[in-house]
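Structure first, commentary second.
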Amino acid sequence: MKLKEFLHYTYIFPVLAVVYYFSGLMGNGVIYDIIAGILLIGSVLSAVHHAEMVAHKVGEPFGTIILALCITIIEVALIISLMVAGGDQAITLARDTVFAAVMLILNGILGICILVGGVKYHEQFFARTSATTYLVSTVSILILTLVLPNFTSSVNGPFYNQAQLIFVSIACLVIYGVFLMVQTVRHRSYFIVPDEHPEEHYIPTLTKTLISFGFLVVCLVIVVLMAKGLSDTIEGMVQSVGAPKSLVGVIIAAVVLLPEGVAAIRAARANQIQSSLNLALGSALASIGLTIPAVSVVCILYDIPLVLGLDKKDIILLSLSVFIVMLSLSRGKTNILYGTVLLVNLAAYIFTVIVP
């Protein structure tokens with residue numbers, strides 16, 4: 001690569017963000033936090049660019065899997081670090097973060113993609129088999145991890161005992177592992193739409209791809225670190241307007257999911273709704289299928305209680321979201337109504353977080 005290519009904003013913003021984060025200037029005042037926010041957004045946009053470069057090289061569905069796994073791994077690292085530091089005060093952190101991520105993905109990212117694509121193209125078409133495969137896996141893991149703990153009797157409350165936690169963690173890994181095999185090997189065709197104009201796509205060299213992958217990891221790490229660094233500022237803003245503290249988790253989850261969200265929306269605008277579904281539903285599945293087992297291991301090792309079961313209100317909202325997504329993706333084509341209803345569901349979720 002030529003030196004001038006590194007002067008593109010997708011290389012400059014991550015480097016500036018890393019330098020700024022480790023300079024210790026964050027949290028020293030409103031101006032410093034605004035600068036951090038600008039660098040964070042620039043790093044998000046850079047992550048999308050580098051993810052697309054990698055995706056062009058490796059092809060679908062591997063490109064979307066790489067982005068989903070990178071963000072999930074960093075999300076897990078963030079949750080674990082906060083839980084270990086917070087101890088018993090952070091027993092609901094994993095549940096709240098995973099639930100917020102799933103609701104934002106299913107209703108927010110997917111809803112915007114369907115609405116944007118519907119406005120521009122009226123209808124967009126995708127493989128129904130891919131949506132069914134995603135949803136079968138996701139719904140099973142959601143029920144096992146976020147609903148069933150409320151109805152077991154070995155431990156009072158929304159908890160699993162150690163044996164149950166180990167079993168559910170193994171079940172999540174088995175489902176996700178078999179899903180990856182289906183997606184990448186056995187039924188890869190379910191997740192790919194034939195490209196009518198392959199000659200129009202730019203295929204980067206191996207060197208550029210490796211550099212983009214390295215910058216992708218850097219972007220994702222610095223996005224999470226800066227989001228964590230700004231969490232006190234965000235919490236102060238939330239408290240200043242009288243909103244519940246749980247809204248902070250929703251905001252941080254939204255920031256962490258920005259790279260995937262922007263990439264999915266851009267794919268929908270380019271009439272590649274299958275890629276949008278791969279990103280959105282793949283992220284939801286990876287988020288819950290990998291996060292819960294990883295957090296469970298840490299909780300068992302450090303003897304930290306782990307609350308997993310949702311309350312009745314959240315179970316209703318989760319059930320509504322899953323049901324609407326299943327109906328919306330049952331015909332293999334989308335329109336603006338499906339996207340609108342999903343976004344209304346998202347608004348209801350956020351409103352009930354603020355006004356429980």
Side-chain angles (χ1 to χ4, degrees), residues 51-73 75-76 98 101-102 105-106 109-110 113-114 124-146 166-198 201 203 206 209-210 213 216 260 263-264 267-268 270-294 296 322-323 325-334:
E52 290 178 343
M53 293 287 285
V54 174
H56 285 319
K57 183 66 176 180
V58 301
E60 286 293 338
F62 298 102
T64 53
I65 291 174
I66 289 173
L67 181 56
L69 289 179
C70 284
I71 289 182
T72 301
I73 289 170
E75 178 188 359
V76 168
V98 168
V102 169
I105 292 169
L106 292 183
I109 296 177
L110 198 58
C113 289
I114 292 174
Q124 290 182 300
F125 300 88
F126 58 90
R128 284 185 297 175
T129 46
S130 68
T132 301
T133 306
Y134 278 120
L135 291 173
V136 164
S137 306
T138 303
V139 171
S140 177
I141 294 177
L142 282 171
I143 298 300
L144 287 175
T145 55
L146 299 182
I166 293 173
F167 171 80
V168 169
S169 299
I170 294 173
C172 291
L173 293 176
V174 168
I175 291 174
Y176 189 71
V178 174
F179 168 81
L180 280 184
M181 182 190 69
V182 168
Q183 186 182 25
T184 59
V185 181
R186 197 170 184 88
H187 299 289
R188 185 183 173 190
S189 60
Y190 289 0
F191 306 88
I192 302 174
V193 175
D195 195 345
E196 298 178 357
H197 305 286
H201 293 296
I203 306 297
L206 179 60
T209 303
L210 292 175
F213 180 74
L216 172 62
E260 284 174 309
N271 203 22
Q272 298 172 354
I273 193 65
Q274 184 66 61
S275 294
S276 297
L277 292 180
N278 290 347
L279 277 165
L281 296 179
S283 298
L285 180 57
S287 176
I288 193 167
L290 297 178
T291 301
I292 297 302
S296 298
V322 170
F323 185 61
V325 169
M326 293 176 70
L327 290 178
S328 300
L329 302 182
S330 64
R331 299 176 60 230
K333 58 183 179 180
T334 65

Please name all residues satisfying side chain to side chain contact (heavy atoms under 4.5 Å, CB included) with Leu327, sequence neighbours left out, ordered by chain then number. Phe323

Atom pairs and distances, side-chain donor-acceptor, residues 176-186, under 3.5 Å, sequence neighbours left out:
residue : atom : partner : partner atom : Å
Gln183  : NE2  : Tyr134  : OH           : 2.8
Thr184  : OG1  : Leu180  : O            : 2.6

Quick one: side chain to side chain contact (heavy atoms under 4.5 Å, CB included) partners of Arg128, sequence neighbours excluded? none

Closest approach of Lys57 to Leu206 (non-hydrogen atoms, all atoms of both residues): NZ-N, 4.1 Å

If I compare all heavy atoms of Phe125 with all of Ile273, which pair ends up nearest, and what's the gap? O-CG2, 3.2 Å

The test is side chain to side chain contact (heavy atoms under 4.5 Å, CB included); show your working for Val325 and Leu135 and say whether it passes. CA-CA 9 Å; Val325 169; Leu135 291 173; 3.8 Å; yes

Validation row: Thr132, Leu329 side chains within 4.5 angstrom (heavy atoms): no

With sequence neighbours excluded, give me every side chain to side chain donor-acceptor pair (under 3.5 Å) pair touching residues 285-294. Glu75-Ser287

Atom of Gly289, atom of Leu173 and distance for their closest heavy-atom approach: O-CD2, 4.1 Å

Do Thr334 side-chain atoms and Ile114 backbone N/O form a donor-acceptor pair below 3.5 Å? no

If we check side-chain contact (heavy atoms from CB on, under 4.5 Å) with Leu110, which of these qualifies: Leu279, Ile105, Leu281? Leu281

Locate the shortest heavy-atom distance separating Cys113 from Ala268; write the atom from each residue and the value. O-CB, 3.5 Å

For Thr129, give me all partners under side chain to side chain contact (heavy atoms under 4.5 Å, CB included), at least two apart in sequence or on another chain. Ala127, Tyr190

Which heavy atom in Gln272 sits nearest to a heavy atom in Gln124, and how many Å separate them? N-NE2, 4.3 Å

For Val102 and Ala284, the nearest pair of non-hydrogen atoms, with its separation, is CG2-O, 4.5 Å

Side chain to side chain contact (heavy atoms under 4.5 Å, CB included) involving Thr145 - partner list, sequence neighbours excluded: Ile141, Val168, Cys172, Ile288, Ile292

Distance, nearest 0.5 Å, that separates OG of Ser130 from CG of Leu277: 6.0 Å

